[in-house]
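First up is the structure itself, then whatever we jot down about it.
Keep in mind that this is a model prediction, so the values were computed, not measured. Proteins come first, then strands; the chains are lettered A, B, ... in the order of their sequence lines, and each starts at number 1.
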Amino acid sequence: MAKLSSKDVRLQYALYGALFGLAFPVIATLFDAYRDLGLGWSGIVEAQRTQPLHWIIDTAPIFLGFFSCLAGIKQQEVIDVNEGLEQKVEQRTEMLNEQNEELRTIQEELEDSLLRISQSINYAQRIQDAIISNTKELKHAFPDSFVMFRPRDVVSGDFPWYVKKDGYHFFAAVDCTGHGVPGAFMSLIGYFLLNKIVKDQGVVDTDKILCELHLEVVNVLKQSAAESDVHDGMDLALVRVDEANGEVMYSGAGNPVYHVRGEDLIEYKADFWSVGGTQYKKRAPYKAHRFEYKKGDILTVYSDGISDQFSADGSTKFGFRKIKKHLTSNGNADRPLAEVQSSFENELNEWMGDHRQMDDMLFMGVKL
Amino acid sequence: MIDFDTTTGVFKVTGRALPEDAHSFFKPIEEWLEEYVEDPLDSTVVEMRIDYFNSAATRYIFNLLMSFEDLVEAGKDVKILWHYKEGDELIENKGEEMESMLDVPFEMKPY
């Protein structure tokens with residue numbers, strides 16, 4: 001079809017050009033004949049014969065036909081290019097439509113996956129909550145206490161733990177490696193092992209509890225196998241409060257405990273090695289710290305999700321100093337801990353701004 | 001970012017270590033390192049310049065650094081340079097703790 005129309009355009013242009021050109025000699029000759037010789041066959045012949053100017057005019061159809069033909073060829077080229085473009089546009093449009101369709105399918109699949117994953121995780125959260133949210137018991141044991149618990153994702157690798165055994169109160173802020181789903185798996189392991197060791201086996205010294213917890217985690221995750229490359233485990237600050245003797249016992253894997261009295265804060269440092277994993281060749285048994293307390297003293301433990309949190313502009317981390325300062329300034333040590341918690345959260349929120357939360361956060365405090 | 005130049009023996013770890021799947025992130029690096037330790041250069045410099053670890057990454061990084069202990073035992077020259085931002089006590093503390101746990105020459109470098 002393109003070929004036929006191409007001939008048409010060139011021919012048409014040549015023909016129109018020639019016809020238009022023909023008008024010149026015809027009009028010129030008729031005009032001459034009419035003016036000088038009279039309108040008649042002989043007049044026309046005479047005009048043509050005697051005036052060479054007509055001969056030049058007579059070539060007008062040839063030239064105009066020729067140039068029109070050239071214009072026709074150009075025009076045809078434009079038409080051809082346009083047709084090519086139109087075809088390309090059509091092809092592209094078709095391609096884009098196909099791609100759009102594909103993207104829409106992918107988007108639907110993603111939305112569907114996301115929905116199912118979040119439903120699954122939300123459901124998992126109910127289970128995790130049911131198991132590890134024993135903050136009520138802590139509240140019962142220490143009416144003036146707080147637990148600030150902010151999972152980064154829905155489920156969490158951090159968890160607060162509280163148990164009462166043989167007249168001792170035990171509590172801990174536990175930070176399992178990872179966050180989200182893998183963190184939550186670890187948290188359940190940690191939760192049940194701590195319960196088993198303290199409640200069932202009756203181990204009540206904090207250093208022994210951590211040593212036992214380490215062995216159990218290694219055992220559960222089969223980390224002692226030579227080829228094991230599961231380094232997971234947990235950091236925790238574990239506190240035992242002995243109300244009868246006014247004494248606190250603390251052991252830590254990674255995370256410290258703060259003992260606050262008025263404007264004074266004493267930090268008891270943790271041992272370096274985390275619970276679980278076999279990578280520390282120099283690992284030694286966990287140490288225990290014992291110290292006396294007075295009524296009204298505060299003990300706090302936390303996970304490093306708070307201190308490691310970046311500021312709104314991502315330039316600096318929250319650090320330990322702000323935590324310590326918050327506990328000791330503004331007479332906070334004498335205020336109800338719920339107030340201290342909420343002002344702390346305000347400070348933290350302001351610090352974070354729109355920066356995403358980097359890790360699970362857990363901060364617990366009790367007034368003795 | 002991890003950059004290990006086996007021609008100069010400079011091993012660089014920089015940036016933020018917060019892989020969601022720490023295991024598959026660090027596994028290949030551990031494997032390179034195992035290979036390197038078998039056929040090391042005489043001198044190795046480990047440049048650590050990290051401004052965030054998550055708890056899983058800390059363990060893997062400790063593990064990586066521990067494999068340099070084998071080089072020290074083999075009589076090779078190894079040095080760990082621990083860069084931390086002035087005032088970032090968390091990274092400074094982690095460096096100090098790792099220093100005390102590792103039998104590898106360690107230098108703390110505030111910047």
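- Within residues 319-328 of chain A, the residues having any heavy atom less than 4.5 Å from a heavy atom of chain B are, in residue-number order, G319(A), F320(A), R321(A).
- Residue F185(A) qualifies as open at atom CZ: its count of foreign heavy atoms under 6.0 Å is 12 or below.
- Residues of residues 68-78 of chain B that come within less than 4.5 angstrom of chain A, heavy atom to heavy atom, are E69(B), D70(B) in numerical order.
- Contacts of residues 45-52 of chain B with chain A at a heavy-atom distance below 4.5 Å involve D51(B), Y52(B), listed in sequence order.
- Residue-level contacts of residues 103-111 of chain B with chain A, in order of numbering, are D103(B); threshold 4.5 Å between heavy atoms.
- Residues W273(A) and F62(B) have side chains not in contact (no heavy-atom distance under 4.5 Å, counting atoms from C-beta outward).
- The part of M234(A) that comes within reach of chain B is its backbone (N, CA, C, O), which places non-hydrogen atoms under 4.5 angstrom from that chain.
- Rounded to the nearest 0.5 Å, atoms CG (L90(B)) and CD (Q309(A)) are 11.5 Å apart.
- Of the two parts of T58(B), neither the backbone nor the side chain holds a non-hydrogen atom closer than 4.5 Å to a non-hydrogen atom of chain A.
- The choice from E30(B), E89(B), E97(B) that makes the most heavy-atom pairs within less than 4.5 Å of chain A is E89(B).
- The number of heavy-atom neighbours closer than 6.0 Å to CD of E267(A), taken from other residues, nucleotides and ligands shown, is above 12.
- Dense packing is recorded around CD of E31(B), with more than 12 heavy atoms of other residues, nucleotides or ligands lying under 6.0 Å away.
- The choice from D308(A), D232(A), D359(A) that makes the most heavy-atom pairs within less than 4.5 Å of chain B is D308(A).
- The closest donor-acceptor contact from the side chain of K85(B) to the backbone of S315(A) lies under 3.5 Å.
- Within the model, atoms CD of E96(B) and CZ of F272(A) stand 12.0 Å from one another, a figure rounded to the nearest 0.5 Å.
- Side chains of R59(B) and T177(A): a donor-acceptor N/O pair is absent below 3.5 angstrom, by distance only.
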